[in-house]
**Q** 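Sharing a structure here in structure tokens format.
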Amino acid sequence: MNFEGFTLDQLLELNHLICRRIDELREKETLQALVRLHVGMKATFEARDGIKVGLVTKINRKSVIVLGQDEDGRKQYKVSPELLTPLKEVK
């Protein structure tokens, strides 16, 4: 794409439209991830120190609270819904 012929105002408007579209796509992705989750389910996610398994304890609009275990005991994580992978229960 060639933007050489655009004025500053046109570029700013284009930037605004692109940012709004990115926000819409991210919100859609978050909502799709939230639909897969429910309180009480087990899920995995990647933390700074490796893959964690935890129990979903609260679901917010933009984040999920997951109760996990680490070497010091229980730990609570605040995770973006898109980063969680639900674990299927084995029966």
**Q** Kindly give the heavy-atom pair with the smallest separation between Gln69 and Arg74, and that separation in Å.
**A** OE1-CG, 3.2 Å
**Q** Restricting to non-hydrogen atoms, name the atom on Gly40 and the atom on Leu55 that form the minimum distance, rounded to 0.1 Å.
**A**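 Scanning both residues, the minimum pair turns out to be O-CD1, 3.0 Å.
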**Q** Taking a hydrophobic cluster as the set of Ile, Leu, Val, Met, Phe, Trp and Tyr residues connected by side-chain heavy atoms closer than 4.5 Å, whether directly or through intermediates, do Ile18 and Phe6 fall within one such cluster?
**A**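 Yes, because Ile18 and Phe6 connect within a single hydrophobic cluster, where side-chain heavy atoms sit under 4.5 Å apart.
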**Q** Looking at side-chain heavy atoms only, is the closest gap between Thr44 and Leu84 below 4.5 Å?
**A** no
**Q** How close do Thr30 and Glu82 get, counting heavy atoms only, and between which atoms?
**A** OG1-OE2, 2.8 Å
**Q** Walk me through it: do Val56 and Ile65 pass the test side-chain contact (heavy atoms from CB on, under 4.5 Å)?
**A** CA-CA 6 Å; Val56 174; Ile65 306 300; over 6 Å; no
**Q** Looking at side-chain heavy atoms only, is the closest gap between Pro86 and Leu37 below 4.5 Å?
**A**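 Contact flag for Pro86/Leu37 side chains = yes.
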**Q** Going by ring-ring contact (aromatic ring centres under 6.0 Å, His included), name the pairs with one or both residues in residues 26-53, residues two or more places apart or in two chains.
**A** Phe45-Tyr77
**Q** Find out whether Leu87 and Val53 are in side-chain contact, i.e. whether some heavy atom of one side chain is under 4.5 Å from a heavy atom of the other.
**A** yes
**Q** Less than 4.0 Å between a side-chain N and a carboxylate O, is that true for Glu29 and Arg26?
**A**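 Salt bridge flag = no for Glu29 with Arg26.
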**Q** Please, which pairs that meet side chain to side chain donor-acceptor pair (under 3.5 Å) have at least one residue in residues 1-14, sequence neighbours excluded?
**A** Thr7-Gln10
**Q** State plainly whether one hydrophobic cluster holds both Leu67 and Met41, where clusters connect Ile, Leu, Val, Met, Phe, Trp and Tyr through side-chain heavy atoms under 4.5 angstrom apart.
**A**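 No, Leu67 and Met41 fall in different hydrophobic clusters.
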**Q** How close do Ala47 and Lys52 get, counting heavy atoms only, and between which atoms?
**A**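 Nearest heavy atoms, Ala47 then Lys52: CB-CG, 3.7 Å.
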**Q** Can you tell me how far apart OG (Ser80) and CG (Asn60) are? Round to the nearest 0.5 Å.
**A** 11.0 Å
**Q** Above 12 or not: heavy atoms from other molecules or residues under 6.0 Å from CD1 of Ile51?
**A**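 Count not over threshold, so no.
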**Q** Under a 4.5 Å cut-off applied to non-hydrogen side-chain atoms, are Leu25 and Arg21 in contact?
**A**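 A side-chain contact exists here, since the closest heavy-atom pair is under 4.5 Å.
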**Q** State, yes or no, whether a side-chain contact exists between Thr57 and Val66 at a heavy-atom distance under 4.5 Å.
**A** no
**Q** With a 6.0 Å cut-off (strictly less than), is the heavy-atom count around CZ of Arg36, excluding the residue itself, greater than 12?
**A**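 Counting other residues, nucleotides and ligands, CZ of Arg36 exceeds 12 neighbours.
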**Q** With a 4.5 Å cut-off on side-chain heavy-atom distances among I, L, V, M, F, W and Y, is there a chain of contacts connecting Leu8 to Met1?
**A** no
